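Since the model is a prediction, treat every value here as computed from it, not as a measurement.
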Amino acid sequence: MQSRDRLIVALDRSSRDDILRLADQLHGVAGALKIGLQAFVANGPSIVREIIGRGERVFLDLKIHDIPNTAQHAVEEAAGLGAAMVTIHIAGGEAMMRACVEAADRLKPVPTLLGVTVLTSLGEPELQRVGFHGTPLENSVRLARLAQASGLRGVVASPQEIAAIREACGGELVIVTPGIRPPGSDAGDQRRTTTPAAAIAAGADYIVVGRPITDARDPRAAAAGLVDSLL
């Protein structure tokens with residue numbers, strides 16, 4: 001895998017014009033573009049089709065979390081748009097995950113279904129308030145093991161949990177890591193962050209970067225500089 005392929009840029013915008021402008025600026029320097037809840041709710045499935053129609057790989061980050069039947073059909077619709085990666089919440093449980101895997105496996109090509117472990121905005125106090133005992137690391141490893149046992153091919157985990165998940169789950173599990181901040185960048189609302197190079201060195205397959213690239217004066221140059229830092 002080339003360094004460029006490891007970079008997923010989050011297009012967290014509401015305006016269709018802004019999203020497509022960024023997609024055009026980033027063409028050829030990012031391995032995939034992330035469409036999350038903000039962009040998807042504002043523009044609907046058409047924005048995914050438009051970006052894929054421009055020749056880009058899309059990471060569709062909807063974090064699906066519902067009863068198995070509903071989640072299964074949501075995955076079918078999401079992946080059916082042509083997204084290369086689709087996210088679901090591991091906290092939805094084993095039955096939900098297995099139903100989603102079955103749905104994804106019926107599609108050609110088969111998308112990479114990723115289970116979200118613990119959001120990067122959460123620390124231990126927040127986890128305890130919602131009833132999760134233990135540290136973010138302990139919960140992330142436990143959830144990653146459950147995802148793998150349920151048939152998921154990959155997980156989304158913060159930089160601080162990469163190495164432990166890699167050790168617990170082996171080299172076959174795909175690890176996608178948000179919370180990436182180049183040196184000197186503002187962490188914003190992210191709690192558990194690291195630099196791009198450190199995330200890859202720890203064992204991440206892909207890194208997700210948003211504002212440090214999309215808010216830059218020259219997003220293309222910012223993305224290219226980040227890729228260079230991975231060499």
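- Closest heavy-atom contact between R13 and T214: NH2-O, 3.1 Å.
- Salt bridge R21/D24: absent, no basic N to carboxylate O contact under 4.0 Å.
- Between L81 and R49, some side-chain heavy-atom pair lies under the 4.5 Å cut-off.
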Under the side-chain contact (heavy atoms from CB on, under 4.5 Å) criterion, do R54 and L20 qualify, and how do the steps go? CA-CA 9 Å; R54 282 168 150 77; L20 295 179; 3.8 Å; yes
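- P159 and I180 make their closest contact through CG-CD1, 4.1 Å (heavy atoms, listed as atom of the first residue, atom of the second, distance).
- Put simply, OG1 on T120 and CG on L122 are 8.0 Å apart, with the number rounded to the nearest 0.5 Å.
- Judged by distance alone, the side chain of E126 and the main-chain N or O of G123 form a donor-acceptor pair under 3.5 Å.
- When all heavy atoms of A30 and V9 are compared, the closest pair comes out as CB-CG2, 3.8 Å.
- Contact annotation: the side chain of V155 never approaches that of L152 to less than 4.5 Å [non-hydrogen atoms, C-beta and beyond].
- Between the side chain of R166 and the backbone N or O of G203 there is at least one donor-acceptor pair closer than 3.5 Å.
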Report the C-alpha separation of I47 and L11 in whole Å, then their side-chain angles, then the decisive distance to 0.1 Å, and conclude whether the side-chain contact (heavy atoms from CB on, under 4.5 Å) test is met. CA-CA 11 Å; I47 195 66; L11 304 184; over 6 Å; no
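- For the pair D12 and R211, the salt-bridge criterion is not met [side-chain N within less than 4.0 Å of a carboxylate O].
- When every heavy atom of R4 is checked against every heavy atom of G28, the shortest pair comes out as CD-O, 2.9 Å.
- A 6.0 Å sphere centred on CZ of R145 holds no more than 12 heavy atoms belonging to other residues, nucleotides or ligands.
- The closest donor-acceptor contact from the side chain of N139 to the backbone of H133 lies under 3.5 Å.
- A distance of 10.5 Å separates OG in S158 from CD1 in I175, rounded to the nearest 0.5 Å.
- Atom CD of residue E161 and atom OG1 of residue T177 lie 9.0 Å apart, to the nearest 0.5 angstrom.
- By the neighbour-count criterion of 12 heavy atoms within 6.0 Å, atom CD of E77 is sparsely surrounded, having that number or fewer from other residues, nucleotides or ligands.
- Between D66 atom CG and Q72 atom CD the span is 12.0 Å, to the nearest 0.5 Å.
- Counting heavy atoms from C-beta on, the side chains of S150 and V101 never come closer than 4.5 Å.
- Although no hydrogens or angles enter the test, the distance criterion places a donor-acceptor pair under 3.5 Å between the side chain of Q148 and the main chain of C169.
- We find the OG1-CG distance between T87 and L62 to be 6.0 Å, quoted to the nearest 0.5 Å.
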Begin with the C-alpha distance, continue with both residues' side-chain angles, and end with the deciding distance and a verdict on side-chain contact (heavy atoms from CB on, under 4.5 Å) for L37 and K63. CA-CA 8 Å; L37 285 172; K63 299 181 178 69; 5.7 Å; no
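- Under 4.0 Å is where a charged nitrogen must lie from a carboxylate oxygen, and between R142 and E138 no such pair does.
- Atom NE2 of H65 is separated from atom SG of C100 by 10.5 Å, given to the nearest 0.5 angstrom.
- Across all non-hydrogen atoms, the minimal contact from A83 to I52 is N-CD1, 3.8 Å.
- Distance alone, capped at 3.5 Å, is enough to place a donor-acceptor pair between the R220 side chain and the Q25 backbone.
- In this structure the side chain of I51 reaches within 4.5 angstrom of the side chain of I19, judged on heavy atoms.
- Between I90 and T117, the closest side-chain pair of non-hydrogen atoms falls below 4.5 Å.
- Hydrophobic cluster membership differs between V41 and V48, with clusters built from Ile, Leu, Val, Met, Phe, Trp and Tyr side chains linked at under 4.5 angstrom.
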Checking V208 against V176 for the side-chain contact (heavy atoms from CB on, under 4.5 Å) test, could you report, in this order, the C-alpha distance in whole Å, the side-chain angles of both residues, the deciding distance, and whether it holds? CA-CA 7 Å; V208 182; V176 176; 3.6 Å; yes
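- Put simply, the side chain of V156 does not reach to within 4.5 Å of the side chain of D61, judged on heavy atoms.
- Looking at L22 and L33, their side chains never come closer than 4.5 Å, going by heavy atoms from C-beta outward.
- A donor-acceptor pair is defined here as one N or O able to donate and one able to accept, closer than 3.5 Å; no such pair exists between the side chain of R6 and the backbone of V227.
- Side-chain contact between L230 and L7: absent, with no pair of heavy atoms (C-beta onward) separated by less than 4.5 Å.
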